[in-house]
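The structure appears below as structure tokens.
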Amino acid sequence: MVGLIGKKIGMTQVFGEDGQLTPVTVIEIEPNVVVASKTEETDGYAAVVLGSVEKKASRVTKPYAGQFKGDMAPRRHLVEIRDFDKECNVGDSFGVEVFGDMRYVDVIGTTKGKGTQGVMKRHNFKGGRKTHGSKFHRENGSTGMAAYPSRVLKGTKMAGRMGGERKTVQNLAVVKVDQERGVLLIRGAVPGTKDSMVLVRMAKKKR
Amino acid sequence: MDMIKAIEAEQIKDDRENFRIGDTVKVYFKIVEGKTERVQVYEGLVLALNNTGIARTVTVRKISYGVGVERIFPLHSPRIEKFEVVRPGKIRRAKLYYIRDRVGKRAKVKELIRSKKDQKAN
């Protein structure tokens, strides 16, 4: 599984050969450095820890700085990726060229916070009629049975805080890999705000 | 934001917006007919320019066999060859949607007569 840390820059459109406009998300891939590698023998599983975006050494705590061996500068984002398919040693760096031969990717990010939301927006409930004497508009309706169990089951979908959670969007087509700018153009939308961290990895279900 | 502009700048054609709202223009655009490609011309009045950057579009209206037809062209599309101003118009607003409700002579836009000095500037 190959994946890298990126930064969502924003969205735009790209013209195709036939004049078709494709909506794309621009993701900037700053150099991803291998901070540590885990092996079957020592850790029980194989993985690499990737770090991206340099941070001042004076801005990090000693335990955090201790993860970066030798004279490696601390990185803002750290992500562990299991079974990294590419051969690499600690200190190696990866960029957008990794996605050169990929047609589809999955993108993982933190969605925009929506605050407290009702049940229609949060869980796609249908709601009731707006007119014709209806007094049931956007409520959640019944939340359970009566005498037995005589309580609301845990996990029942209700209103509450929405967004700000980790979401994966699968099978997004790679439109362009711009090595010059270190930028990846991906078809469609990606979770999160502008400038937020996203993880771009090889699509699990589509080649 | 600058990164987005840089990516868009690659595809933007600077010489495309050589007309103004209210002008009557000819749009030369390529269409695919079976296997061959040919250029078709669409002539009409520019009602509006919308959006910015790569997404900029132009609305062109004409009357075809008594029926009003409006086409929205993406300004920077590679399918479009060029725009040609047939008749510059004199207008007082940025969107000419009021033309849609008018028929006959009232649906006309006055021609803009430019002084020779202005023409040189353009």
Side-chain angles (χ1 to χ4, degrees), chain A residues 4-32 52-53 76-77 95-97 99-100 105 107 109 112 172-198 200, chain B residues 1-19 25-44 46-60 69-84:
Chain A
L4 292 182
I5 302 163
K7 186 169 95 172
K8 175 170 167 177
I9 300 291
M11 289 190 75
T12 180
Q13 292 170 324
V14 169
F15 276 108
E17 290 272 301
D18 52 350
Q20 196 80 35
L21 264 177
T22 312
V24 293
T25 306
V26 181
I27 292 174
E28 189 182 0
I29 309 275
E30 290 189 39
N32 279 228
S52 177
V53 187
R76 187 179 301 270
H77 307 297
V96 260
E97 70 278 355
F99 300 103
V105 290
V107 180
K112 282 184 186 174
L172 298 172
V174 176
V175 175
K176 195 181 169 192
V177 178
D178 192 337
Q179 296 216 27
E180 211 175 295
R181 297 198 179 89
V183 146
L184 193 63
L185 302 188
I186 290 170
R187 190 181 197 282
V190 149
T193 59
K194 284 174 189 170
D195 293 332
S196 66
M197 190 202 95
V198 290
V200 187
Chain B
M1 210 55 213
D2 287 339
M3 182 77 81
I4 302 267
K5 279 190 181 149
I7 290 165
E8 287 186 354
E10 275 180 13
Q11 303 184 76
I12 285 178
K13 298 176 177 75
D14 295 326
D15 55 336
R16 275 288 162 83
E17 211 173 312
N18 55 359
F19 55 89
V25 294
K26 273 185 184 170
V27 188
Y28 292 80
F29 63 102
K30 288 178 232 161
I31 55 163
V32 177
E33 256 179 3
K35 276 179 186 170
T36 54
E37 219 179 48
R38 70 181 186 92
V39 175
Q40 202 174 58
V41 185
Y42 180 90
E43 187 178 334
V46 177
L47 285 197
L49 282 161
N50 282 310
N51 306 327
T52 55
I54 193 74
R56 198 154 176 80
T57 56
V58 51
T59 308
V60 185
V69 178
E70 276 178 30
R71 279 194 78 154
I72 300 169
F73 295 98
L75 201 67
H76 300 288
S77 169
R79 303 254 84 192
I80 293 176
E81 217 150 68
K82 62 173 177 179
F83 291 91
E84 192 183 293

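Chain identifiers are assigned alphabetically (A, B, ...) following the order of the sequence lines, protein sequences preceding nucleic acid strands; residue numbering begins at 1 within each chain. Owing to the predicted nature of the structure, the values given are computational and were not obtained by experimental measurement.
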Approximate separation, where rounding is to 0.5 Å, of [X] [atom1] and [Y] [atom2]:
{"X": "B/Met3", "Y": "A/Ile9", "atom1": "CE", "atom2": "CD1", "value": "5.0 Å"}
{"X": "A/Lys176", "Y": "B/Glu10", "atom1": "NZ", "atom2": "CD", "value": "4.0 Å"}
{"X": "A/Leu21", "Y": "B/Gln11", "atom1": "CG", "atom2": "CD", "value": "8.0 Å"}

Requested in this report: Measure across A/Asp18 and B/Arg79 and return the closest heavy-atom pair with its distance rounded to 0.1 Å.
Outcome: O-CD, 3.1 Å
Query raised in the report: In terms of heavy-atom proximity below 4.5 Å to chain B, should A/Gln20 be classed as side chain, backbone, both, or neither?
Result: neither
Report summary line: Note: vs chain B, highest number of non-hydrogen pairs under 4.5 angstrom among A/Gly10, A/Gly19, A/Gly16 is A/Gly19
Query - CD1 (B/Ile72) with more than 12 external heavy atoms under 6.0 Å - result: no
Query raised in the report: With a cut-off of 6.0 Å (strictly less than), are more than 12 heavy atoms of other residues, nucleotides or ligands near NZ of A/Lys112?
Result: no
Query - chain B contact residues among residues 178-185 of chain A, heavy-atom distance under 4.5 Å - result: A/Asp178, A/Arg181, A/Val183, A/Leu185
